[in-house]
Amino acid sequence: MKSTSMINPIFLLLLLSSLTVCSARGKNKNPFTPEAFLIRYWDNKITNNSPKPHFLLSKASPLTAVETATFAKLAADNTLSAHLPHFCSAARLLCYSKPLPFSSERTSRDAKFAVYNNRNFSDYGTSQIGGLHSFKNYSDNQRENVPQNDFRQYSKASTNHSEDFISYGSFGNAIKDTFHSYGSGAITGTSSYKNYAEPVNGSDDLEFASYSDDARKRTQSFVGYTENGNGGEQSFAGYGKRGNETENSFQNYGTSSNPTLTGFTSYGEDGVRANDTFKNYANHGNNPTNTFENYGDGGDSAVDRFDTYRVESNGGSDYFQNYGKGSNGADVDFTGYDKSDNSNSDKFIGYGKGGEKQRFGFSGYRVNSSFAEYAKQGVKTFTNYKNESFSGIMVKKWVEEGKFFREFMLKEGTVMAMPDIRDKMPERSFLPRVILSKLPFTVNGVNRVFGVGVGSSLEKIVMDSVSECERAPSQGETKRCVGSIEDMVDFATGVLGSNVVVRTTENVNGSKGNVMVGRVNGIHGGRVTESVSCHQSLFPYLLYYCHSVPKVRVYEADLLDPKSKAKINRGVAICHLDTSAWSPSHGAFLALGSGPGQIEVCHWIFENDMTWSIGD
């Protein structure tokens with residue numbers, strides 16, 4: 001007789017998955033699903049009778065018992081990547097998708113594309129005369145994962161053709177959009193981008209290659225481009241090169257974005273009577289980096305305007321190489337350029353070198369700057385220019401109003417600003433521990449299993465998350481990254497003991513507005529305690545960065561509409577009583593004043609973040 005140990009484990013689990021138990025309501029439930037296992041694990045590790053939190057259990061893996069066993073076996077055999085599409089779909093993960101084949105579709109009539117995403121347009125609108133193509137809410141999906149859109153030779157050699165991109169790529173996650181030879185050789189016509197990629201999350205790659213090259217009398221407008229973005233990289237290569245009487249406008253470009261990298265290469269090079277305007281470009285940004293290489297090089301009678309460029313930004317650097325070099329009759333004006341109070345670094349190399357009849361104006365410009373080989377010919381005007389650093393003076397506007405507040409504000413009747421607490425990350429699920437334990441947690445390993453392309457947006461995301469998880473803990477901190485709820489439970493109970501409760505803010509009502517504080521309840525009797533906070537990381541599966549937080553007070557508070565006094569939310573707030581180890585440049589001190597160790601700092605728990613504390 002064969003022993004049961006010789007039975008194929010997949011067959012055994014298939015057999016077990018057909019068994020069911022009856023609940024009190026008479027519904028059939030499989031006891032071997034990841035969720036059923038999690039509930040038994042929870043009851044074994046947590047000793048109180050508090051209700052199990054739906055907001056956390058809803059993030060458990062949706063895999064069936066059969067799928068869990070199958071994928072665990074594939075992971076153990078290092079063959080899971082061969083079944084990636086099925087795995088990602090069944091487990092509800094963030095995975096990289098291969099680009100779709102190019103569309104050869106052409107049309108001679110007006111076209112409207114509403115609620116589109118993940119499309120490649122090749123030779124679309126080529127040689128078209130007149131007409132309008134409208135892309136409204138294209139790739140606009142708060143939960144869209146790694147959307148990829150490619151416009152190749154779009155509207156090339158067209159005449160008086162117009163394109164309208166409204167709310168393009170808004171709320172995307174790790175988006176990758178590419179415009180190759182867009183409008184190249186076009187005559188007249190307009191291109192309008194409104195609320196393009198606003199806001200986006202993660203390392204978005206937006207690339208405009210040979211955009212509007214050799215165009216004549218064509219107008220391009222970018223309004224609200226990547227505003228309020230979180231990270232990302234934009235590239236404009238050969239934009240408007242050899243253009244004739246073209247007009248380009250960037251308004252509210254990258255405003256209030258968080259670390260962005262923008263590169264303009266050969267922008268307007270050899271252009272004739274080009275008119276470019278950058279208005280409210282990268283204002284209030286956090287560490288923006290902008291590179292202008294060969295911008296307007298060899299241009300004829302070009303007009304370039306930088307109006308309120310990077311005002312009140314926090315850190316960052318700009319690099320202008322050969323800007324306006326060899327141009328004829330260029331008129332360049334920097335008005336309110338870089339009026340920042342926090343140290344930035346700008347470098348102008350070969351700026352206007354070899355040009356004739358040029359005019360450059362710098363009004364209200366103050367920053368650490370280097371003008372190397374700056375042109376000696378022509379008229380240059382510097383008004384209110386200060387070559388000095390303001391690194392000790394911080395800008396409050398960098399921090400969103402209401403993001404941090406003082407403990408005394410948590411009292412009934414207080415009206416206060418609520419920051420944007422919405423979760424902008426893609427919807428994903430935890431992995432069952434039986435699968436997670438068999439997967440590597442290195443950049444190369446994750447890339448291999450999840451098919452992440454080299455140099456892709458997702459690779460940057462993986463690198464950032466792994467790096468943060470591998471970072472050494474701060475003094476007095478205990479930290480761990482968890483990809484399963486079981487691991488999170490282990491960490492929380494390991495720090496706080498078995499009598500724990502996890503909480504989060506009930507919903508997002510009141511976000512980005514004013515709220516009135518209603519009834520306030522101090523957790524653990526309002527006494528000083530220790531907590532464990534868990535914050536999401538962007539990763540293929542749901543990954544949380546959890547860390548211990550000593551010397552805090554945790555509160556629950558009813559949040560009311562200030563006008564109607566109706567309850568709209570139940571907020572969870574945490575107050576850090578010891579800030580002595582925080583950086584002097586921490587956003588809390590920018591917003592509230594003071595410095596490390598001098599004040600306590602409170603903040604709300606954002607959507608899908610959470611805090612664990614000892615049960616009352």
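These figures come from a predicted structure and were not determined experimentally.
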Q: Does the side chain of Val520 come within less than 4.5 Å of Glu412's, by heavy atoms?
A: no
Q: With a cut-off of 6.0 Å (strictly less than), are more than 12 heavy atoms of other residues, nucleotides or ligands near NZ of Lys565?
A: yes
Q: Sequence neighbours left out, what passes side-chain hydrogen bond (donor to acceptor under 3.5 Å, both in side chains) with Lys52? Give chain and number order.
A: Asp43
Q: Determine whether a donor-acceptor pair (N or O, by modelled atom type, separation under 3.5 Å) exists between the side chain of Glu600 and the backbone of Glu407.
A: yes
Q: If you compare all heavy atoms of Leu538 against all heavy atoms of Pro426, which two are closest, and at what distance to 0.1 Å?
A: CD1-CD, 3.4 Å
Q: Kindly indicate whether the side chain of Asn30, heavy atoms from C-beta on, has any atom under 4.5 Å from the side chain of Thr64.
A: no
Q: Run Glu468 and Ser537 through side-chain contact (heavy atoms from CB on, under 4.5 Å) and show every step you take.
A: CA-CA 9 Å; Glu468 177 64 16; Ser537 296; 5.6 Å; no
Q: From Ile461 CD1 over to Leu543 CG, what is the distance, rounded to the nearest 0.5 angstrom?
A: 12.5 Å
Q: Specify the closest pair of heavy atoms between Thr68 and Pro34, including all atoms of both residues, with the distance to one decimal.
A: OG1-CG, 3.3 Å
Q: With side-chain contact (heavy atoms from CB on, under 4.5 Å) as the criterion, how do Leu559 and Trp604 come out once you've worked through the C-alpha distance, each side chain's angles and the decisive distance to 0.1 Å?
A: CA-CA 11 Å; Leu559 300 180; Trp604 299 108; 3.7 Å; yes
Q: Can you tell me if Ser465 uses its side chain to pair, donor with acceptor, with the backbone of Val462 under 3.5 Å?
A: no
Q: With a 4.5 Å cut-off on side-chain heavy atoms, are Ile614 and Thr529 touching?
A: yes
Q: Would the distance check show the side chain of Ser61 and the main-chain N or O of Leu431 forming a donor-acceptor pair, the cut-off being under 3.5 Å?
A: no
Q: Which pairs with one or both residues in residues 471-531 pass disulfide (SG to SG under 2.5 Å), sequence neighbours excluded?
A: Cys469-Cys481
Q: Nearest heavy-atom pair of Ser511 and Pro419: which atoms, and what distance?
A: OG-O, 3.3 Å
Q: Output yes when a side-chain donor or acceptor of Thr33 lies under 3.5 Å from a complementary backbone atom of Ala65, and no otherwise.
A: no
Q: Can a donor-acceptor pair be found between the side chains of Ser580 and Asp578 at a distance below 3.5 Å?
A: yes
Q: State, to 0.1 Å, how close Ser594 and Phe589 come at their nearest heavy-atom pair, and which atoms those are.
A: O-CB, 3.9 Å
Q: Once ring-ring contact (aromatic ring centres under 6.0 Å, His included) is applied, what residue pairs with a partner in residues 491-514 remain, sequence neighbours excluded?
A: none
Q: If the condition is ring-ring contact (aromatic ring centres under 6.0 Å, His included), which residues does Phe606 pass it with, not counting sequence neighbours?
A: none
Q: State whether the side chain of Thr414 and the backbone N or O of Val517 hold a donor-acceptor pair below 3.5 Å, judged by distance alone.
A: no
Q: Would you find a donor on one side and an acceptor on the other, under 3.5 Å apart, between the side chain of Ser548 and the backbone of Thr478?
A: yes
Q: Please indicate whether Lys438 has more than 12 foreign heavy atoms, meaning atoms of other residues, nucleotides or ligands, lying under 6.0 Å from its NZ.
A: yes
Q: Keeping the roles fixed (side chain from Asp487, backbone from Val482), state whether a donor-acceptor pair exists under 3.5 Å.
A: no
Q: Just by modelled atom types, is the Val452 backbone N or O under 3.5 Å from a matching donor or acceptor in the Ser456 side chain?
A: no
Q: Closer than 3.5 angstrom, by distance alone: can the side chain of Asn507 be matched with the main-chain N or O of Asn569 as a donor-acceptor pair?
A: no
Q: Does anything in residues 584-616 form a disulfide (SG to SG under 2.5 Å)? List the pairs, not counting sequence neighbours.
A: Cys575-Cys602
Q: Please find the pair of heavy atoms, one from Leu84 and one from Gly451, that lie closest to each other, and give the distance.
A: CD2-N, 3.9 Å
Q: With Tyr541, which residues qualify under ring-ring contact (aromatic ring centres under 6.0 Å, His included), at least two apart?
A: Phe539
Q: For atom NZ of Lys403, is the number of surrounding heavy atoms from other residues, nucleotides or ligands below 6.0 Å larger than 12?
A: no
Q: Any carboxylate oxygen within less than 4.0 angstrom of a Lys/Arg side-chain nitrogen, looking at Arg422 and Asp420?
A: yes
Q: Would you be so kind as to tabulate the donor-acceptor pairs closer than 3.5 Å made by side chains of residues 497-504, with sequence neighbours excluded?
A:
residue : atom : partner : partner atom : Å
Ser498  : OG   : Thr47   : OG1          : 3.3
Asn499  : OD1  : Asn48   : ND2          : 2.9
Asn499  : ND2  : Gly615  : O            : 3.4
Arg503  : NH1  : Ser613  : OG           : 2.9
Thr504  : OG1  : Asp609  : O            : 2.6

Q: Looking only at heavy atoms, which two atoms of Asn521 and Arg570 are closest? And how far apart?
A: CB-NH2, 4.0 Å
Q: Could you walk me through whether Phe37 and Arg433 pass side-chain contact (heavy atoms from CB on, under 4.5 Å), step by step?
A: CA-CA 10 Å; Phe37 175 81; Arg433 180 185 274 179; 5.7 Å; no
Q: Sequence neighbours excluded, which residues qualify as side-chain contact (heavy atoms from CB on, under 4.5 Å) partners of Arg448?
A: Asn78, Pro440
Q: Test of understanding: with ring-ring contact (aromatic ring centres under 6.0 Å, His included), list the residues that count as partners of His603, not counting sequence neighbours.
A: His576
Q: Taking the side chain from Lys59 and the backbone from Asn608, do they hold a donor-acceptor pair closer than 3.5 Å?
A: no
Q: Return the set of residues passing side-chain contact (heavy atoms from CB on, under 4.5 Å) with Arg92 (not counting sequence neighbours), or none when no residue passes.
A: Pro62, Glu427, Ser429
Q: Have a look at His547 and tell me which of His535, Arg480, Lys479 forms a side chain to side chain donor-acceptor pair (under 3.5 Å) with it.
A: His535
Q: Test side-chain contact (heavy atoms from CB on, under 4.5 Å) on Trp612 and Val489; report intermediate values, then the result.
A: CA-CA 10 Å; Trp612 295 76; Val489 168; 4.2 Å; yes
Q: Restricting to pairs with a member in residues 413-446, which pass disulfide (SG to SG under 2.5 Å), not counting sequence neighbours?
A: none
Q: Flag yes if more than 12 heavy atoms outside Met416 fall under 6.0 Å of its CE atom; otherwise flag no.
A: yes
Q: What distance separates Met488 CE from Thr493 OG1, expressed to the nearest 0.5 Å?
A: 12.0 Å
Q: Phe404: what forms a ring-ring contact (aromatic ring centres under 6.0 Å, His included) with it, not counting sequence neighbours?
A: His586
